[in-house]
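Some notes on the structure that comes next.
Computed from a predicted structure; not experimentally measured.
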Amino acid sequence: MKSYIQDAVYNFYCSGIYAGKIRFTEHGVMHAGVDVRRRTQMQENRLDPLGKYVLPLSRIAQSLDVYSGAQWNQNEIMLENGDVYQRHITYEAEIEGRKLASQVWALRGGTALDLVTVNGEIIAFVAPNRYGIELIVKEGFEPLTPLAVYAEPLLSKPEYGVNDLGTYLVPMRDGVRLATDVYLPEGIEPGTKLPTIVVRTCYDRNGKKEIFMRWANRGYAVVNQDVRGRADSEGQLVPFYHERDDGYDTIDWIIAQEWSNGKVGMWGASYLGYVVVAAATSGHPNLKAVVDEVNVGSPFTDTARKGGTLCSWPLLSWTLAQSVGTRTDFDIFGGITVNPEAAVDARPIKEIPQQMIGKASGPWELWSRHPEYDEFWKNCTFTERGDQVKVPMYVISGWYDGDSPGVSETWRMLSEHDVPHRKIRLGPWEHGPNRSRDLPGVAFGNDAVVYDYDVSVLRWFDRFLKEIRNGIEEEPRASYYVVGENRWRTSEDWTPAEAVVTPFYLGGEGRANSSLGDGLLLQQPEADSPADTYIYNPADPVADSGEREPENMRKHELRSDILVYTSEPLEDALTVAGELSAVLYAASTGRDTDWVVTLSDVHENGDSIRLSNYIVRAKYRHGLQRPELLVPGQAERYDIFLQNIAHRFAAGHRIRVTVTSSSKFVSFPNTNTGNNPYEDDEPVAVRQTIYHNTEYPSHIKLPVISDL
């Protein structure tokens with residue numbers, strides 16, 4: 001029997017902009033696109049299998065019978081293909097004189113592909129993501145779908161086509177020219193001066209140009225640029241180093257163009273997020289709005305030298321991927337063509353690129369020539385220029401974003417300098433946010449994936465570039481999702497203004513080695529609490545995932561070189577939300593070493609789910625600019641940043657803090673000698689001591705929110 005979906009005509013929308021028609025036939029998926037410039041309807045053709053769409057149209061086509069044969073009449077439905085859907089939100093609208101209500105169904109367990117039904121039949125397929133909803137819907141039923149979020153009266157309307165002016169080679173102050181594309185709204189009144197949104201990328205400006213063009217549909221000029229040394233730009237990539245000045249010079253070029261009204265905004269994520277934060281620290285007066293997603297932090301905070309350590313796989317994979325040519329090799333970046341285990345185990349560290357990709361890496365070589373925090377690194381640290389930031393900045397990240405230390409660094413800078421109109425949104429998201437409601441071992445609510453993600457970005461640009469009074473700056477400064485409670489909360493600040501920073505102290509009888517030991521987490525320090533010790537051997541580092549996923553640390557916590565401190569079962573649920581930190585009093589027999597502190601939620605079955613952690617190098621305990629080797633055996637205080645969270649510990653669960661000295665997929669193991677980490681190949685094992693008493697009250701600081 002023919003599916004009612006087959007041969008039906010669907011309107012296709014990308015980020016609220018009409019992108020043609022879709023039809024599922026027995027011969028394949030047919031697409032009648034839209035001319036990008038004139039917005040005229042084109043003829044139907046077979047869908048380009050290389051088309052850059054998020055909506056998985058080919059996957060939908062393979063399951064038409066499954067979708068159409070389902071009975072959409074329960075709260076949760078498992079389809080024949082194994083997909084599980086739950087009732088989500090509803091929309092009501094008048095369609096052709098009839099009042100109708102729709103039901104949105106949220107996909108569980110995978111990348112979100114939501115459905116919308118009316119009277120038990122599917123009218124729309126929805127793929128929410130960071131760049132905007134991609135959606136197909138039966139014509140006329142648009143108001144009954146999440147497309148309704150784009151109908152906000154004050155939102156810039158998609159009234160224009162896109163005029164691609166082509167590529168310019170824009171000179172920087174040192175003469176290096178950067179490949180720069182410009183997209184203008186087609187159909188705008190001649191002579192109209194436009195606000196501009198800039199994207200500066202290391203991943204080839206052509207990769208997502210169709211996505212960035214969508215701002216031009218809504219009346220913005222869009223500038224899409226390769227950073228120096230990447231794709232078609234001149235020069236050499238020196239990660240982080242040139243981005244502040246190149247951002248400034250690019251803005252100078254923009255405001256001199258005849259189509260510019262002098263107001264410039266920037267968008268960026270990951271390394272591109274660092275790029276926009278760096279540009280903000282240039283203090284350019286024409287930079288009026290920034291949207292910063294999951295940005296990597298300054299090199300000594302989050303990337304090259306995380307916490308002063310020498311970052312291993314996250315940095316190495318990215319650097320190798322940038323070093324094989326002028327375009328990123330994503331197979332290396334994804335650990336496909338370079339084995340992560342082999343890469344992080346290779347020695348000497350300075351020569352890993354030659355061993356893994358058969359050639360030297362320019363950035364890797366350069367970094368190895370700067371083993372300490374000197375003027376080179378200082379120029380890359382955006383907080384060194386935080387007093388120059390005046391631009392309204394919208395920061396977006398999540399609890400499972402591996403670069404959240406960079407986001408925290410950014411937010412601390414904005415708060416320290418009281419930058420007006422700063423805003424932050426933190427969800428249960430990974431580095432690629434807003435795409436799933438489930439991660440291994442953790443299930444969120446259906447609202448963990450939001451439909452207004454890119455609408456909020458557009459509202460930010462509308463408010464500060466077009467001066468549309470949409471009220472976004474009057475909304476609560478912080479919006480965050482509490483895992484475990486599984487709901488969104490707001491606050492007038494981040495850390496939430498209502499949070500009470502509460503210390504939890506390490507304790508025990510001196511045998512906290514492993515989860516089988518006697519380590520305790522207490523609300524008061526013990527006056528007489530014997531110190532704990534362990535042997536840290538750089539040749540046998542802890543091999544946790546290195547990602548910020550909700551990893552179960554249970555197997556790792558059986559190691560004798562991990563000290564484990566656990567609270568009693570909680571009588572009542574406890575909600576923690578905000579920036580975390582720890583104070584550690586410790587000694588080592590080495591001249592230098594590392595400390596890793598981890599916070600976990602221990603379930604009643606013994607699973608220990610990691611929530612937050614960080615690693616620091618001992619020699620930088622007094623600051624990056626004051627490296628000082630250890631006096632073996634001497635107790636020192638360490639103030640340790642931990643990655644932010646919003647988490648509800650359930651009643652009966654326990655809070656756990658662990659201390660160790662390695663995490664090999666985060667940082668190369670410290671050799672404990674204090675020698676140059678790029679060249680040192682003679683590691684030594686050391687005895688580590690953690691103190692916890694009233695004289696040395698080691699503790700973690702948790703921002704607790706009352707549920708009253």
Identify whether the distance between the nearest side-chain nitrogen and carboxylate oxygen of [X] and [Y] falls below 4.0 Å.
{"X": "K664", "Y": "E341", "answer": "yes"}
{"X": "E485", "Y": "R487", "answer": "yes"}
{"X": "D452", "Y": "R425", "answer": "yes"}
{"X": "E475", "Y": "R459", "answer": "yes"}
{"X": "E76", "Y": "R87", "answer": "no"}
{"X": "R648", "Y": "D601", "answer": "no"}

If you define the side chain from C-beta out and look only at heavy atoms, does anything of [X] sit under 4.5 Å from [Y]?
{"X": "V576", "Y": "L599", "result": "no"}
{"X": "L520", "Y": "L506", "result": "no"}
{"X": "T658", "Y": "T660", "result": "no"}
{"X": "S270", "Y": "H431", "result": "yes"}
{"X": "P538", "Y": "N672", "result": "yes"}
{"X": "C311", "Y": "T303", "result": "no"}
{"X": "N446", "Y": "R437", "result": "yes"}
{"X": "L135", "Y": "T145", "result": "yes"}

(message) Ring of W595, cation from R621 - is the NZ or CZ under 6.0 Å from the centre and inside 45° of the axis?
(response) no
(request) For side-chain contact (heavy atoms from CB on, under 4.5 Å), just list the numbers for N513 and T533, CA-CA rounded to whole Å, side-chain angles, deciding distance to a tenth of an Å, and then say yes or no. (result) CA-CA 8 Å; N513 308 76; T533 66; 5.6 Å; no
Just by modelled atom types, is the [Y] backbone N or O under 3.5 Å from a matching donor or acceptor in the [X] side chain?
{"X": "Y638", "Y": "R617", "value": "no"}
{"X": "Y536", "Y": "N670", "value": "yes"}
{"X": "S456", "Y": "Y453", "value": "yes"}
{"X": "R422", "Y": "V419", "value": "yes"}
{"X": "S298", "Y": "F300", "value": "no"}

(message) If you apply the rule side-chain contact (heavy atoms from CB on, under 4.5 Å), what do you find for L630 with E636, and how did you get there?
(response) CA-CA 9 Å; L630 297 172; E636 300 277 2; 4.2 Å; yes
Hydrogens and angles aside, do [X] and [Y] bring a side-chain donor and acceptor to less than 3.5 Å of each other?
{"X": "R435", "Y": "T111", "value": "no"}
{"X": "S545", "Y": "R610", "value": "yes"}
{"X": "Y274", "Y": "D302", "value": "no"}
{"X": "T117", "Y": "Q103", "value": "no"}

Looking at [atom1] of [X] and [atom2] of [Y], how far apart are the two atoms once the value is rounded to the nearest 0.5 Å?
{"X": "E409", "Y": "T301", "atom1": "CD", "atom2": "OG1", "result": "4.0 Å"}
{"X": "N613", "Y": "S600", "atom1": "CG", "atom2": "OG", "result": "8.5 Å"}
{"X": "S63", "Y": "N81", "atom1": "OG", "atom2": "CG", "result": "4.5 Å"}
{"X": "N644", "Y": "D401", "atom1": "CG", "atom2": "CG", "result": "9.0 Å"}
{"X": "S612", "Y": "L580", "atom1": "OG", "atom2": "CG", "result": "4.5 Å"}
{"X": "K423", "Y": "E473", "atom1": "NZ", "atom2": "CD", "result": "9.0 Å"}

(request) Applying side-chain contact (heavy atoms from CB on, under 4.5 Å), run through V442 and E549 and close with a yes or a no. (result) CA-CA 10 Å; V442 183; E549 61 190 16; over 6 Å; no
(request) With sequence neighbours left out, write down each residue that passes side-chain contact (heavy atoms from CB on, under 4.5 Å) with I77, or none if nothing qualifies. (result) W72, Q74, L79, W105
(request) Under the side-chain contact (heavy atoms from CB on, under 4.5 Å) rule, collect the residues that match up with P697, sequence neighbours excluded. (result) Y505, P525, Y585
(request) May I ask you to check whether over 12 heavy atoms, not counting those of N605, lie within 6.0 Å of atom CG? (result) yes
(request) Can you establish whether the number of heavy atoms outside R687 located under 6.0 Å from its atom CZ is more than 12? (result) no
For [X] against [Y], the heavy-atom pair lying closest together:
{"X": "I535", "Y": "D561", "result": "O-CB, 3.4 Å"}
{"X": "D544", "Y": "F665", "result": "O-CD1, 3.2 Å"}
{"X": "S404", "Y": "G398", "result": "CB-O, 4.3 Å"}

(message) Give me each pair satisfying salt bridge (Lys or Arg N to Asp or Glu O under 4.0 Å) with a member in residues 568-587, each pair once, sequence neighbours excluded.
(response) none
Would you say the ring centers of [X] and [Y] fall short of 6.0 Å from each other?
{"X": "Y480", "Y": "W488", "answer": "no"}
{"X": "Y620", "Y": "H622", "answer": "no"}
{"X": "Y481", "Y": "W429", "answer": "no"}

(message) With salt bridge (Lys or Arg N to Asp or Glu O under 4.0 Å) as the criterion, how do D639 and K701 come out once you've worked through the C-alpha distance, each side chain's angles and the decisive distance to 0.1 Å?
(response) CA-CA 11 Å; D639 291 276; K701 299 176 183 178; 5.1 Å; no
(request) Would you please classify the geometry between the Y565 ring and the H692 ring as parallel, tilted or perpendicular, with 30° and 60° separating the classes? (result) perpendicular
(request) Just say parallel, tilted or perpendicular for the rings of Y67 and Y85, cut-offs at 30° and 60°. (result) perpendicular
(message) Please determine whether side-chain contact (heavy atoms from CB on, under 4.5 Å) holds for the pair L55 and L113, giving the CA-CA distance in whole Å, both sets of side-chain angles, and the decisive distance to 0.1 Å.
(response) CA-CA 8 Å; L55 190 67; L113 173 59; 3.9 Å; yes
(message) Consider side-chain contact (heavy atoms from CB on, under 4.5 Å). Of V457, V395, L272, V407, which one does E293 pass it with?
(response) V457
(request) Pick out which of E557, H603, R654 makes a side-chain hydrogen bond (donor to acceptor under 3.5 Å, both in side chains) with S608. (result) E557
